[in-house]
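Everything numeric in this text was worked out from a predicted model, so none of it was measured.
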Amino acid sequence: MFTLRNQTKSLRKFIGGERRVRILMESTMVDPKTSVGGGVQDVYGEDRATEDQLVTPWTFSIASGCTLLRDPHHNKGLAFSEKERDAHYLRGLLPPAVLTQELQEKKVMQSLRKYEVPLQRYMAMMDLQERNERLFYKLLIDNVEELLPVVYTPTVGEACQKYGTIFRRPQGLYISLKEKGKILEVLKNWPEKDIQVIVVTDGERILGLGDLGCQGMGIPVGKLALYTALGGLRPSACLPITIDVGTNNQKLLDNEFYIGLKQKRATGQEYADLLHEFMSAVKQNYGEKVLVQFEDFANHNAFELLSRYSKSHLVFNDDIQGTASVVLSGVVAALKLVGGTLPDHKFLFLGAGEAGTGIAELIALEISKQTQSPVEETRKKIWLVDSKGLIVSSRKESLQHFKKPWAHEHEPVKELIDAVKAIKPTVLIGSSGVGQTFTKEVVEAMASFNEKPIILALSNPTSQSECTAEQAYTWSEGRAIFASGSPFDPVEYDGKVFSPGQANNAYIFPGLGLGLVMSGAIRVHDDMLLAASEALAGQVSQENFDKGLIYPPFSNIRKISAHIAANVAAKAYELGVATRLPRPENLVKYAESCMYSPIYRNYR
C-alpha cells in the first residue's frame with residue numbers, strides 16, 4: 001500500500017513539477033466560484049467539455065478501499081479480517097460480518113445449485129471469476145466433477161452460441177484484421193507481462209457447433225480456467241486470445257448484437273500473413289518458452305498451423321494431440337478389461353478430421369514403439385470412415401493430405417454399418433461431430449463379434465455424441481466398455497449400475513502444460529504425448545476398473561496432473577529440449593510445489 005508521501009512523489013513524477021502537485025491537491029477543496037454545481041473543481045475540464053471535445057481519461061489507483069474490492073486478483077469480499085479492513089480503508093464499504101473462505105464457498109455453491117438452467121450457472125461462475133478470482137478457483141478445484149460441465153463442455157458450447165448476448169467485459173485479447181501490422185502493440189496492451197500459456201482460436205470450428213466467429217472466445221477462457229484449476233498454472237500467466245478474421249455464419253452476420261467483424265472469413269495469404277504476424281509477435285513479446293495452444297481451428301488450418309510452427313515455436317493443438325493422448329490412455333487402460341496388447345486390436349474411426357486422424361496417428365506411433373515396426377505398417381491396423389465412406393486406396397487422389405496415410409487396400413464401403421461388418425474392429429471410435437450415428441445396428445454388430453466391445457463416442461457437446469451411454473450399454477447387453485466426450489449419468493441395466501467414463505481432454509492438457517512450463521521446454525514432441533497417456537492410464541485404480549471405468553475420477557485431477565507433468569517433464573529432459581536446469585530430483589513433488597493455490601493471502 002502506498003503512503004501519502006509515496007503518493008505525492010508519484011504524482012510529482014506523473015504530472016511533472018511540485019507546483020502542479022500542490023495545485024492538484026488544493027483543487028480537491030470545494031470552491032463554489034470555480035467548481036461545477038458547487039462541487040469539487042473540474043480539474044480536467046470533463047464536466048465543462050461539450051460532447052465533441054476530447055478529454056483525457058486520467059486514472060491513479062491504489063489497492064485500497066473500493067479499488068481493492070473491485071480488483072478480482074486481490075478481492076476477498078467478506079473474508080477481509082478486521083485488521084485488513086482498517087489497514088486498507090475498507091471500513092463501511094463492507095457489512096460487519098467476517099466470513100471464512102470455506103463459508104463463502106458453501107454460500108456460492110448453494111446459490112449455484114438453485115439455478116436450473118446450466119447457462120445461468122455458467123454466467124454466475126464467470127461473474128465470480130471477474131469479482132473474486134481466488135474464490136472462483138477454490139470452488140472449481142473443490143467441486144471439479146460438478147462444475148467442470150458448467151465452465152467447460154457441454155455448457156461452454158451454448159455460452160459461445162450466445163456470447164454476443166451475455167458479453168459483459170473482455171476476458172481476453174481480441175486480434176482482428178483491423179490490427180494487422182500492430183499485433184505486437186496489441187499484445188503489449190494486456191496488463192500481465194509474464195505469460196506462460198496462450199490458448200488461441202479463430203472460432204471456425206467450435207466444438208461440434210461450427211463457425212461461431214469472434215464468439216468462440218468462450219473456449220480459450222474456459223480452457224485456461226482449467227489450466228489453473230486442474231494443472232495449477234497461475235491465472236496471471238494465462239492469456240486467452242481470439243483471432244477474428246470474419247465469419248461465414250450468416251446468422252451471426254445478420255445479428256445486430258454480434259461482437260465480431262461483420263464480413264466473410266479471410267482465407268489464403270491474407271489469413272496466413274495475419275497468423276504469421278501473430279506467432280512472430282508472441283515469440284518476440286513473451287519469448288521462446290511460451291506455450292501456444294491452437295484450439296478449434298478448422299481442419300485445413302489446424303494441420304497447416306501445427307506443421308508450420310511446431311519446429312520454431314512451443315505449440316500444441318488440443319483437438320489433434322490432446323484428444324489423441326486422452327483416447328490412447330483410455331484404450332490402453334481398457335486393455336486390462338478386455339485383454340491382449342495394443343497391437344492385437346483393430347480400430348475403426350467414424351470421423352477423419354483433426355481428432356480422428358490425430359488419435360489414429362498416436363495409436364499407430366504407440367504400436368510402432370511396442371512392436372519396433374515402421375509406423376507405415378502399424379497404420380494398417382487402423383481404418384477411418386469419413387462422410388463419403390471407408391477411406392480406401394481407390395479414393396487416394398481425391399483425399400485431403402492428412403487422410404492419405406489411412407487409405408488402405410479394400411473395396412469401397414459407403415455406410416458405417418457395412419464398414420463395421422467388413423473390418424470387424426475391436427475398438428469403435430466416434431469423432432464425427434454428428435449425433436446418433438452409432439445406431440442400434442452398429443452397436444449390436446460390434447457386440448456380435450466382441451465379448452467386450454470398446455465404444456468411444458467422443459463428439460461434443462452431448463447433443464452431438466454418436467450415441468448415449470444408455471444406448472451403448474443397452475444395445476450391447478451390458479458388455480460394452482464405453483466412454484464419451486461429454487458426461488453421461490450412470491446407467492442401470494439388468495440390475496447392474498454402469499458408470500460411463502468421460503474421455504475429456506481436461507485430463508491431459510493441464511498436466512501437459514504444467515510439465516512443459518516447469519521444465520522450460522522449447523518444443524513439443526510426440527513422445528511427450530505418449531508419456532502423458534502412459535501417466536494417465538497408470539492412474540486408473542482397480543476400484544475404477546471394477547466399475548467399468550477406463551479413466552480415473554476427476555476428483556483426483558490435481559494429483560493426476562502432477563504425475564502427467566512429471567512424465568512430460570522427464571521426457572523433455574530426456575530429449576534435450578528442457579531449459580530449466582538442473583533437473584529436479586523428484587519431478588512429481590516439484591510439479592505439486594509449482595501448482596497455484598487459491599487460498600486467500602493475508603494482507604499487511
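- Taking NE2 of H74 as the start and OG1 of T67 as the end, the distance is 12.5 Å to the nearest 0.5 Å.
- Considering only heavy atoms from C-beta on, L253 comes within 4.5 Å of T247 through its side chain.
- At distances below 3.5 Å, at least one donor-acceptor pair connects side-chain atoms of N143 with backbone N or O atoms of L139.
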*Stepwise, does the side-chain hydrogen bond (donor to acceptor under 3.5 Å, both in side chains) test hold for S533 with S325?*
CA-CA 5 Å; S533 295; S325 188; 2.9 Å; yes
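- Across all their heavy atoms, R134 and I599 have their closest contact at NH1-O, 3.3 Å.
- Under a cut-off of 6.0 angstrom, the local environment of NZ in K114 is sparse, with at most 12 non-hydrogen atoms contributed by other residues, nucleotides or ligands.
- Contact between H563 and A535 at its shortest, heavy atoms only, is O-CB, 3.9 Å.
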*Before giving the answer on salt bridge (charged side-chain N to carboxylate O under 4.0 Å, His left out), spell out for E277 and K180 the whole-Å C-alpha distance, their side-chain angles and the decisive distance to 0.1 Å.*
CA-CA 8 Å; E277 183 189 347; K180 189 174 181 181; over 6 Å; no
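- A donor-acceptor pair under 3.5 Å is absent between the side-chain atoms of E158 and the main chain of P118, judged by distance alone.
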*Residues D142, K138; criterion salt bridge (charged side-chain N to carboxylate O under 4.0 Å, His left out); working and verdict*: CA-CA 6 Å; D142 292 348; K138 183 81 162 60; 2.6 Å; yes
*Could you walk me through whether M279 and L305 pass the side chain to side chain contact (heavy atoms under 4.5 Å, CB included) test, one step at a time?*
CA-CA 10 Å; M279 292 301 293; L305 289 170; 5.8 Å; no
*Going through the checks in order, is the salt bridge (charged side-chain N to carboxylate O under 4.0 Å, His left out) test met by K262 and E256?*
CA-CA 10 Å; K262 289 198 173 184; E256 62 178 325; over 6 Å; no
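- Not a single donor-acceptor pair under 3.5 Å links the side chain of N460 to the backbone N or O of T153.
- By the 4.0 Å N-to-carboxylate-O rule, R601 lies too far from E84 to be salt-bridged with it.
- Looking at L94 and L69, their side chains come closer than 4.5 Å, going by heavy atoms from C-beta outward.
- Between V156 and V150 there is no side-chain heavy-atom pair separated by less than 4.5 Å.
- Here the side chains of L291 and Q196 are not in contact, with every heavy-atom distance at 4.5 Å or above.
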*Between L209 and Q161, is a side chain to side chain contact (heavy atoms under 4.5 Å, CB included) present by the stated rule, with each step listed?*
CA-CA 8 Å; L209 303 171; Q161 288 177 310; 3.8 Å; yes
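- Looking at heavy atoms from C-beta onward, L68 lies in side-chain contact with F80 at the 4.5 angstrom threshold.
- In this structure, NZ in K182 is found 13.5 Å from CG in L187, a value given to the nearest 0.5 Å.
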*Stepwise side chain to side chain contact (heavy atoms under 4.5 Å, CB included) test for V245 and L274*: CA-CA 9 Å; V245 295; L274 188 74; 3.6 Å; yes
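- Remark: side-chain polar atoms of T579 are paired, donor with acceptor, to backbone N or O of G520 under 3.5 angstrom.
- Note: L233 CG to M518 CE = 11.0 Å, rounded to the nearest 0.5 Å.
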_Stepwise salt bridge (charged side-chain N to carboxylate O under 4.0 Å, His left out) check, E146 with R113_ = CA-CA 10 Å; E146 183 176 352; R113 287 167 182 150; 2.9 Å; yes
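- Side chains of S176 and E179: a donor on one and an acceptor on the other come within 3.5 Å.
- With values rounded to the nearest 0.5 angstrom, Q502 atom CD is found 7.0 Å from Y507 atom OH.
- Of the N and O atoms on the side chains of K193 and Y286, not one donor lies less than 3.5 Å from an acceptor on the other residue.
- No side-chain donor-acceptor contact under 3.5 Å links E192 to the backbone of C238.
- For N189, the CG atom sits in a packed shell: over 12 heavy atoms of surrounding residues, nucleotides or ligands are nearer than 6.0 Å.
- Using a 4.5 Å cut-off on side-chain heavy atoms (C-beta onward), N556 and Q539 make no contact.
- Side chain of T201 to backbone of G216: no donor-acceptor contact under 3.5 angstrom is found.
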*side chain to side chain contact (heavy atoms under 4.5 Å, CB included) between F294 and V292: does it pass, once the steps are laid out?*
CA-CA 6 Å; F294 297 121; V292 178; 4.2 Å; yes
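- How far CZ of R558 is from CE of M595: 5.5 Å, rounded to the nearest 0.5 Å.
- When side chains are defined from C-beta on, V108 counts as touching L135, because their heavy atoms get closer than 4.5 Å.
- Listed here is the closest heavy atom pair of L512 and L529: CD2-CD2, 4.1 Å.
- The nearest pair of heavy atoms linking I564 to A532 is CG2-CB, 3.8 Å.
- Here the closest heavy-atom approach between residue V290 and residue V197 is recorded as CG2-N, 4.2 Å.
- The pair K106-E102 fails the salt-bridge criterion, with no side-chain N (NZ, NE, NH1 or NH2) lying under 4.0 Å from an Asp/Glu carboxylate O.
- Side-chain rings of F509 and Y227 approach one another, their centers coming within less than 6.0 Å.
- Using modelled atom types, one side-chain atom of R121 and one backbone atom of Y115 make a donor-acceptor pair closer than 3.5 Å.
- Proximity of a side-chain donor or acceptor of S519 to a complementary backbone N or O of A572 within less than 3.5 Å is not detected.
- A 4.5 Å side-chain heavy-atom check between V200 and Q293 finds every atom pair outside the cut-off.
- Ion pairing between E288 and R523 holds under the 4.0 Å rule for side-chain N and carboxylate O.
- Proximity of a side-chain donor or acceptor of D244 to a complementary backbone N or O of L261 within less than 3.5 Å is detected.
- Dense packing is recorded around CZ of R583, with more than 12 heavy atoms of other residues, nucleotides or ligands lying under 6.0 Å away.
- A cation-pi geometry, defined here as NZ or CZ lying under 6.0 Å from the six-membered ring centre and within 45° of its normal, holds between K76 and Y603.
- By the side chain to side chain contact (heavy atoms under 4.5 Å, CB included) test, A503 is found to be paired with L458, Y551, residues two or more places apart in sequence or in another chain being considered.
- Nearest heavy-atom pair, A591 versus A562, reported as atom, atom and distance to 0.1 Å: CB-O, 3.8 Å.
- R205 and D211 are not joined by a salt bridge, as no carboxylate oxygen comes within less than 4.0 angstrom of a charged side-chain nitrogen.
- Atom-to-atom distance recorded for Q120:CD and L112:CG is 11.0 Å, nearest 0.5 angstrom.
- Not a single donor-acceptor pair under 3.5 Å links the side chain of N249 to the backbone N or O of L212.
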